[in-house]
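Structure, as structure tokens:
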Amino acid sequence: MAIDARGKPCPMPVLLAKEALDRGDGAVEVLVDNAVAVENLKRLGSSRQLSVSVEAGEGAWTVRFAAGEGAAPAPQPAQAAPGLACAPAGCGTAVFITRETLGGGDDALGANLMKMFLYTLSQEDAPPAALIFMNGGVRWPTGRDEDAVESIRQLQERGTEVLVCGTCLGFYGLTDAVRVGTVSNMYDILERLQGAAKVITL
């Protein structure tokens, strides 16, 4: 089945592909017009243990899913920190950063507070299961501050899944500037938020 997802915003290409795969439409191919959508579709294929191939054209890519060997292992969400049990509603904590500053008022103070928050979070005994950046928050994993990038990297190395909104990166012209974390989409981000026992939004 061929799906033309050119011009469709995140996460529509992933959702359209998922619907076709769920229906059992056999070999599915999706035509998209941006590299972020390509990466999101590749992760969808990996999560389903499907073989994924990408053919680049002029201003577009064709992503094909097929059964068989060759799929990369599915990325696994971070587990709850040792000693923390999963609640019936979900597992672990998700920290959802949607802006460049922490709190209202002075922007310079707010940026410094966010930097200190990320550092303090990286030093905690129990790291969050997921750290998600959206809207203005995507400036932090793209190198706004070297110390902040290092704090995020330390969390990732300790098992925190770091997701960065691809649509937001594109809006700010930062798609190629991500230094830590995985460029993601609304479908994956919502899944992580719904799967968390607790969500902290900043």
Side-chain angles (χ1 to χ4, degrees), residues 8-12 14-15 34-37 39-40 43 75-84 86-87 89-202:
K8 295 189 181 298
C10 165
M12 285 305 299
V14 170
L15 293 177
N34 66 86
V36 171
E39 293 305 313
N40 288 333
R43 285 201 304 277
Q76 298 296 317
Q79 301 299 310
L84 291 181
C86 288
C91 190
T93 298
V95 179
F96 190 35
I97 297 180
T98 63
R99 52 194 299 178
E100 295 179 66
T101 60
L102 182 56
D106 185 82
D107 286 347
L109 173 61
N112 193 42
L113 290 172
M114 186 68 82
K115 175 181 173 179
M116 288 191 291
F117 175 85
L118 289 168
Y119 172 75
T120 304
L121 191 65
S122 72
Q123 301 304 304
E124 287 290 301
D125 291 336
L131 180 59
I132 301 167
F133 295 93
M134 186 172 279
N135 207 326
V138 300
R139 295 191 184 278
W140 290 103
T142 56
R144 170 191 173 99
D145 183 283
E146 188 66 38
D147 292 335
V149 169
E150 181 57 29
S151 295
I152 298 167
R153 185 174 289 118
Q154 287 182 21
L155 285 164
Q156 183 172 255
E157 290 173 352
R158 295 177 63 200
T160 298
E161 184 179 26
V162 179
L163 299 180
V164 188
C165 168
T167 298
C168 308
L169 289 167
F171 179 84
Y172 291 112
L174 296 171
T175 301
D176 297 325
V178 178
R179 298 180 58 193
V180 59
T182 301
V183 178
S184 193
N185 60 79
M186 192 66 75
Y187 177 80
D188 287 342
I189 288 171
L190 180 60
E191 188 175 60
R192 300 306 183 275
L193 292 173
Q194 290 177 324
K198 179 172 66 176
V199 176
I200 298 172
T201 302
L202 302 176

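Owing to the predicted nature of the structure, the values given are computational and were not obtained by experimental measurement.
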Please tabulate, one pair per line, all N/O donor-acceptor pairs under 3.5 Å involving side-chain atoms of residues 113-120, not counting sequence neighbours.
| unit_1 | atom_1 | unit_2 | atom_2 | d |
| --- | --- | --- | --- | --- |
| K115 | NZ | D145 | OD2 | 3.4 |
| K115 | NZ | D147 | OD2 | 3.4 |
| T120 | OG1 | M116 | O | 2.8 |

**OP:** Output, in order, the C-alpha distance, side-chain angles, deciding distance and verdict of side-chain contact (heavy atoms from CB on, under 4.5 Å) for L121 and S151.
**Re:** CA-CA 8 Å; L121 191 65; S151 295; over 6 Å; no

**OP:** Apply side-chain contact (heavy atoms from CB on, under 4.5 Å) to F133 and V162, showing your working.
**Re:** CA-CA 8 Å; F133 295 93; V162 179; 3.9 Å; yes

Subject >> Contact check, side chains of T167 and P9, non-hydrogen atoms, under 4.5 Å >> reply: no

Original post:
Could you give the distance from CZ (R153) to CD (E157), rounded to the nearest 0.5 Å?
Top reply: 7.0 Å

Original post:
Atom CD of E161 and atom CG of D188: how far apart are they, to the nearest 0.5 Å?
Top reply: 8.0 Å

**OP:** Step through the shown structure and confirm whether more than 12 heavy atoms of other residues, nucleotides or ligands are within 6.0 Å of CE on M12.
**Re:** yes

Original post:
Is the side chain of T98 donor-acceptor paired with the backbone N or O of L202 at a distance under 3.5 Å, no angle test?
Top reply: yes

Original post:
So with a 6.0 Å cut-off around CZ of F171, is the heavy-atom count from everything else above 12?
Top reply: no

Original post:
Nearest 0.5 Å, what's the CG-CG distance between N40 and N185?
Top reply: 4.0 Å

Original post:
Is the backbone of P128 close enough, under 3.5 Å, to the side chain of T93 for a donor and an acceptor to pair up by distance?
Top reply: no

Original post:
Mind checking whether Q154 and P127 have side chains closer than 4.5 Å, heavy atoms only?
Top reply: no

**OP:** Give the intermediate values and the outcome of side-chain contact (heavy atoms from CB on, under 4.5 Å) for residues V183 and E39.
**Re:** CA-CA 8 Å; V183 178; E39 293 305 313; 5.9 Å; no

Subject >> Side chain to side chain, V36 and L169, heavy atoms closer than 4.5 Å >> reply: no

Original post:
Could you give the distance from CG (L193) to OG1 (T201), rounded to the nearest 0.5 Å?
Top reply: 7.0 Å

Subject >> From CD1 (I132) to CD1 (I200), nearest 0.5 Å >> reply: 11.5 Å

Subject >> From CD1 (I97) to CE (M134), nearest 0.5 Å >> reply: 12.5 Å

Subject >> Minimum side-chain heavy-atom gap E150-E146 below 4.5 Å >> reply: no

